[in-house]
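Letters go in sequence order (proteins before strands), and every chain restarts at 1.
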Amino acid sequence: MSPRHQAPRHQAAPGTPTQLRKGALELAVLALLSRQPSYGFQIVEQLGDHAGLQASTGTIYPLLTRLKNAGLVETTWHESTQGPPRKYYRLSPDGERHLAEQARAWQELVATMAALLTEPEETP
Amino acid sequence: MNTPTEHRRQEHADYVRQVATHLRARGRARTRALDDLREALAETPDPESFGPAATYARSVDEELGTGRFLSTILGIPNSLAPGVLDRLAQTFDPADERLVVPHVLGIGWAINVGRLAVRLGLLNPDDLDDEVLARATHGPGRVVRWATYGTATAAGVRALRQASPSVGAAAIASAAVAALAEDRALPPRQRLTLAATGLGIAAAGLGLPVRDGSQRTTTTALGWAIVVWCAATYLPVRVQINRETVRSATA
């Protein structure tokens with residue numbers, strides 16, 4: 001098996017709420033692509049460096065395809081020193097706007113949830 | 001610009017399309033299953049909670065009992081059921097993590113050559129999106145179809161000269177399969193694998209033994225057919241990837 005397709009460095013943290021992670025994955029991928037264009041397995045590896053965001057290639061590749069079909073990412077091909085040419089993903093202008101909107105919504109949600117979770121219970 | 005709602009709607013439509021590709025159920029059961037899925041998706045923001053499309057389709061087929069009396073014999077897949085073209089397409093799917101998939105037609109398994117190419121480092125799992133596949137099928141894939149017609153013609157001439165019904169049948173079958181691959185309404189992956197199958201059959205027709213004492217054996221002919229099939233699926237894709245790379249470099 002090619003080393004490029006080995007499993008991510010970290011396994012999902014035990015007890016990580018799967019639904020929360022899935023909801024954040026698309027935003028996380030868009031955020032990573034806003035930093036630099038990356039190829040599919042590179043994204044899987046980059047996610048693997050962040051606790052709670054680990055995902056398999058079986059999750060990320062279909063997600064990238066959906067983002068591409070939605071016009072949020074664009075692809076370019078580059079020669080690779082190892083193996084066949086690689087497809088690099090980068091944010092499209094629509095993707096950048098979508099990321100900005102989603103990031104704003106996320107920040108608002110985080111602030112709301114943080115307040116909700118830290119508020120003391122009202123005594124009757 | 002895609003609004004979040006449009007984006008979600010498109011995601012749902014893509015997911016339904018993927019499930020439809022894998023779903024073996026036909027007729028009313030199929031229509032109802034896909035309608036149910038659309039309704040269920042409308043109530044969730046994330047299609048990923050339904051799992052991979054192939055897994056979802058498989059669970060629906062199991063629930064509906066699609067082809068249950070034929071689906072397995074002693075646990076071995078038996079593919080004498082609807083969905084031949086879908087199963088043929090599964091034999092060249094780099095994104096599918098399965099190396100062995102149910103046989104296209106008959107009992108047993110087939111190799112997912114796309115996955116094998118990934119294992120050998122010849123392709124990346126995400127290389128074949130719809131766009132690349134469509135371009136590979138319209139461009140380099142056309143050469144495979146022409147090669148099939150040419151090889152089928154050569155096999156037909158051989159059949160006539162040597163009065164061989166088996167070679168003649170292979171020539172006719174290969175041309176028919178290649179003609180089916182011309183149908184632009186079919187998904188690109190089905191067209192690609194159909195054209196390769198046509199060329200494989202034509203190559204087998206050229207190599208089939210027609211009389212006793214022939215050096216060429218049926219086994220050798222079938223071996224050639226498999227080699228030709230693998231090359232005829234991989235090479236058009238690889239040529240297209242190289243074209244995309246050159247296009248990216250010059251853009």
- Item | Nearest-0.5 Å distance that lies between atom CZ in B:R17 and atom CG in A:N69 | 7.5 Å

- Does the side chain of B:D127 come within less than 4.5 Å of A:W77's, by heavy atoms? yes

- Rounded to the nearest 0.5 Å, what separation is found between the CG atom of B:D96 and the OH atom of A:Y61? 14.0 Å

- Does any heavy atom of chain A fall under 4.5 Å from the side chain of B:D14, the backbone, both, or neither of them? side chain

- Message: Checking the side chain of B:D126 only, and the main-chain atoms of A:L64 only, is there a donor and an acceptor separated by less than 3.5 Å?
- Response: no

- Hey, are the side chains of B:N242 and A:P85 touching, using non-hydrogen atoms and a 4.5 Å cut-off? yes

- Task: State, with a plain yes or no, whether a side-chain heavy atom of B:L122 is found less than 4.5 Å away from one of A:P84.
- Result: no

- Select all residues of residues 243-250 of chain B having any heavy atom within less than 4.5 Å of some heavy atom of chain A, and report them by number, or 'none'. B:E244, B:T245, B:S248

- Query: Among residues 138-148 of chain B, which residues come closer than 4.5 Å to chain A, judged by heavy atom distances?
  - Reply: none

- For B:R32, does the CZ atom sit with more than 12 other heavy atoms under 6.0 Å from it, leaving out its own atoms? no

- Worked verdict on B:E97 versus A:T57 for side-chain hydrogen bond (donor to acceptor under 3.5 Å, both in side chains): CA-CA 9 Å; B:E97 292 181 352; A:T57 53; 3.2 Å; yes

- Residues A:K87, B:D129: salt bridge by 4.0 Å N-O rule: yes

